[in-house]
Amino acid sequence: MHWLLCLSWAAFGASGARDVSLPDAPLAPIQEVLGAAGTLRWRHSIEKIWWEEEYTAEPGGVRLRTARVRGSGAGMEPPPDAHFAHGVWVYRPNRLLPKVVLTHSSFVAPYEWCDEGNRCRALLPPTSRFGAKQDQTTSVSAWRMEIAPCRDEQEKRVLGADR
């Protein structure tokens, strides 16, 4: 059986509680299949420098294989075992995590996901699915995302496969 990486979304209000003010919000988090492996990347909110992490799905969790940081500063110093090549700090944590938990704020650029073919897309909150607007007037102050392993029965829903 093959394992894939699935992305789950849930909306949270300013108090940190799940936001139930959206009239048509689903009771369960929305889930999307990302693929068997890929790269999560984002720009640091202060330094505006790219940070990239490569993940693969495994039965026991999500394996963080390699990380790349295009600079340093403001709490993003590379670890001692990192090496600097072509303007990028690279290191290999090779760490198995049960899941990767991220929070998206409407005040910063979204995370991006790059598939194994290096096609990248923004991980935008699924607001259009139930009528919320992603701006500072909505009651949703943050979106929690979780990347976790899932079984390949959901493979037919892999993002981009039907586009």
Side-chain angles (χ1 to χ4, degrees), residues 1-12 16 29-128 134-136 140-163:
M1 173 165 295
H2 292 91
W3 288 86
L4 299 170
L5 295 171
C6 284
L7 173 68
S8 299
W9 291 91
F12 288 82
I30 295 168
Q31 189 174 63
E32 302 173 11
V33 178
L34 296 173
T39 301
L40 179 69
R41 68 184 201 167
W42 64 94
R43 284 193 186 270
H44 188 277
S45 61
I46 303 297
E47 299 292 339
K48 309 299 186 221
I49 294 171
W50 282 106
W51 188 301
E52 300 172 344
E53 296 177 343
E54 294 178 7
Y55 291 95
T56 56
E58 295 186 10
V62 178
R63 179 144 328 254
L64 170 56
R65 297 233 179 252
T66 304
R68 291 178 295 281
V69 182
R70 306 212 178 264
S72 61
M76 50 187 293
E77 291 73 23
D81 62 335
H83 67 277
F84 192 74
H86 307 288
V88 180
W89 288 101
V90 179
Y91 58 103
R92 290 176 172 68
N94 198 27
R95 198 174 321 158
L96 185 63
L97 308 166
K99 61 186 171 184
V100 177
V101 179
L102 307 164
T103 302
H104 172 73
S105 166
S106 61
F107 299 102
V108 297
Y111 291 94
E112 292 184 7
W113 181 260
C114 303
D115 64 20
E116 293 175 282
N118 210 24
R119 291 177 302 266
C120 302
R121 69 174 186 90
L123 295 180
L124 296 171
T127 54
S128 62
Q134 182 63 24
D135 63 27
Q136 296 157 4
V140 177
S141 65
W143 288 90
R144 189 180 77 199
M145 298 174 277
E146 291 184 1
I147 298 174
C150 58
R151 296 180 186 259
D152 68 352
E153 296 97 51
Q154 299 175 14
E155 193 165 359
K156 62 181 176 279
R157 291 183 16 207
V158 173
L159 290 177
D162 57 348
R163 292 180 192 176

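If you read the sequence from its start, that first residue is 1, and numbering goes on from there.
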Spacing of [X] atom [atom1] and [Y] atom [atom2] [to the nearest 0.5 Å]:
{"X": "L64", "Y": "T56", "atom1": "CG", "atom2": "OG1", "answer": "9.0 Å"}
{"X": "R41", "Y": "E53", "atom1": "CZ", "atom2": "CD", "answer": "13.5 Å"}
{"X": "W113", "Y": "T39", "atom1": "CH2", "atom2": "OG1", "answer": "7.0 Å"}
{"X": "L7", "Y": "Y111", "atom1": "CG", "atom2": "OH", "answer": "11.5 Å"}
{"X": "I147", "Y": "L123", "atom1": "CD1", "atom2": "CG", "answer": "6.5 Å"}
{"X": "L34", "Y": "D115", "atom1": "CG", "atom2": "CG", "answer": "9.5 Å"}

Exercise. Apply side-chain hydrogen bond (donor to acceptor under 3.5 Å, both in side chains) to R95 and list each qualifying residue two or more places apart in sequence or on a separate chain.
Key: none
Quiz item: Tell me, do V62 and P149 make a side-chain contact under 4.5 Å, heavy atoms counted?
Solution: yes
Quiz item: Less than 4.5 Å apart, any side-chain heavy atom of C6 and any of E32?
Solution: no
Under the salt bridge (Lys or Arg N to Asp or Glu O under 4.0 Å) test, which residues partner [X], sequence neighbours left out?
{"X": "E58", "value": "R63, R65"}
{"X": "R43", "value": "none"}
{"X": "E54", "value": "R68"}

With sequence neighbours excluded, tell me which residues meet side chain to side chain contact (heavy atoms under 4.5 Å, CB included) with [X].
{"X": "K99", "value": "V101, E146, A148"}
{"X": "P79", "value": "D81, A82, Y91"}
{"X": "F84", "value": "W89"}
{"X": "R92", "value": "T66, H83, V90"}

Self-check item: Nearest non-hydrogen partners of A37 and L5, listed with the distance
Solution: CA-CD1, 4.1 Å
Self-check item: Check: E52/W50 side-chain N/O donor and acceptor closer than 3.5 Å
Solution: no
